[in-house]
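Take a look at the structure set out below.
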Amino acid sequence: NPMADRITDIGPPHYSKFHPPVVAKNKGKWLWHEITQPGVLVHKAESGDECWTVRVGAARLISTELIYEMCDIADAHCDGFLRFTTRNNVEFMVDDKAKVQPLLDDLASRGNKFPVGGTGAGVTNIVHTQGWVHCHTPATDASGVVKAVMDELFDYFTSMKLPAQVRIALACCLNMCGAVHASDIAILGVHRKPPMIDHSRITGVCELPLAISACPLGAVKPAKATVDGKEIKTVKVNNERCMFCGNCYTMCPAMPLADPDGDGIAILVGGKVSNARSAPKFSKLVIPFLPNTPPRWPETVAAVKNILETYAGDAKKYERIGEWAERIGWEKFFEKCNIPFTIKSVDDYRLAYDTWRTTTQFKY
Ligand code: SF4
Ligand code: SF4
């Protein structure tokens, strides 16, 4: 029994406590599912039971007022059950088709707060990371960029008019705690400058051996510096070796590398985790750098929209972005999207001999 001996004041309670009755009853015994309209799914069980799901878009950071309102909707229609997806969609589930329309009407009556969609051949919510407010190594914001992009792509959330699903992801640094390594379109925060060492703080806030061993390229070495007339132990960075990954800063807060001009956004394209039709693919770098331009990031929004709509106008039905690019050839992908091809996009391991700045992402 997974519930036995579970300590519930450390971490969340066991998820099985939150299954709607129809889900708990039919666990592992679902036959098929289909999308009946944008944002509405039905799952059919061996028992004949049905679970109808209405998916609505939400944001990653939301107010308690909005959560209370979601709970009111769940109380009124779904016996108090709802779920959040990893893409920050909220799913309301009911066990009878007759309960779907009243739920949809209720959601629609609340203005634009609960847009229904995010299913099938459309753009669902962007899975994303923490951004400037909540993490220490971001090269761009997360929620702000996502909001700007999704505002522009909103029609693709509420409809299913694309050739296939398009998964967009954002990670605000290349630690990639988002899903950018395998998304149709990936928005990735990148640093372009090495860490700046604060010698006056380093001995107080860092374990020097940790900072040295954190660097995957061996670019951080022990050093000495003079602070207030006293010689101290510190580190130095071989800037030519540094690939601006931020690992050293994770270990040592006196080595920040955030920089207004150095930081920005790279766009990667063509990844997927599904093995339908073709094997899963990693995303490939197609735009090495776009500037950070808060609060609406117009360059990034335009770049994502351009790739999405070029794909939408040219791909065959069911073809994901990576499959489309491979069928027409990546040269044609760059041509059709009007994206300049640069040497930074090439996966050429020989670059590693003298620069250490290479991508393992792209074969051209
Ligand atoms: Fe932090 Fe990087 Fe994750 Fe962004 S992607 S939240 S900066 S670890
Ligand atoms: Fe090494 Fe990365 Fe720090 Fe550069 S940013 S010194 S590559 S750990």
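Counting convention: from 1, in listed order, for ligands and their atoms alike.
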Polar side-chain atom of Arg167 near backbone of Ser183 as donor-acceptor pair, under 3.5 Å: no
Please state which protein non-hydrogen atom is closest to atom 5 (S) of ligand 2 and give its distance, to 0.1 Å? Gly246 N, 3.2 Å
For the residue pair Phe92 and His77, is the inter-centroid distance of their aromatic rings smaller than 6.0 Å? no
Please write down residue, atom name and distance for the protein heavy atom closest to atom 7 (S) of ligand 2. Met243 N, 3.4 Å
Please determine if Glu335 and Lys332 form a salt bridge, counting it only when a charged side-chain N lies under 4.0 Å from a carboxylate O. yes
min-distance protein heavy atom vs atom 8 (S) of ligand 2 -> Cys248 N, 3.3 Å
In terms of side-chain geometry, is the basic nitrogen of Glu46 or Lys29 positioned less than 4.0 Å from the acidic oxygen of its partner? no
So, do Lys97 and Val42 sit near enough that their side-chain heavy atoms are less than 4.5 Å apart? no
Indicate whether any N or O donor in one side chain lies under 3.5 Å from an N or O acceptor in the other, for Asn292 and Asp263. no
In ligand 2, the atoms that come under 4.0 Å of a heavy atom of Cys215 are 1 (Fe), 6 (S), 7 (S), 8 (S)
Between atom 2 (Fe) of ligand 1 and Cys172, is there an N, O or S atom separated by less than 2.8 Å? no
Check for me whether the distance between the ring centres of Trp324 and Phe333 falls short of 6.0 Å. yes
Would you mind listing which atoms of ligand 1 come within a distance below 4.0 Å of any non-hydrogen atom of Pro138? 7 (S)
Does some non-hydrogen atom of Pro194 fall short of 4.0 Å from ligand 2? no
Closest to atom 2 (Fe) of ligand 2 (heavy atoms only, candidates Cys245, Cys242, Cys252) is Cys245
Residue Val220 vicinity, atoms of ligand 2 by number, heavy atom under 4.0 Å: 6 (S)
Taking 2.8 Å as the cut-off, does an N/O/S atom of Cys135 lie below it from atom 4 (Fe) of ligand 1? no
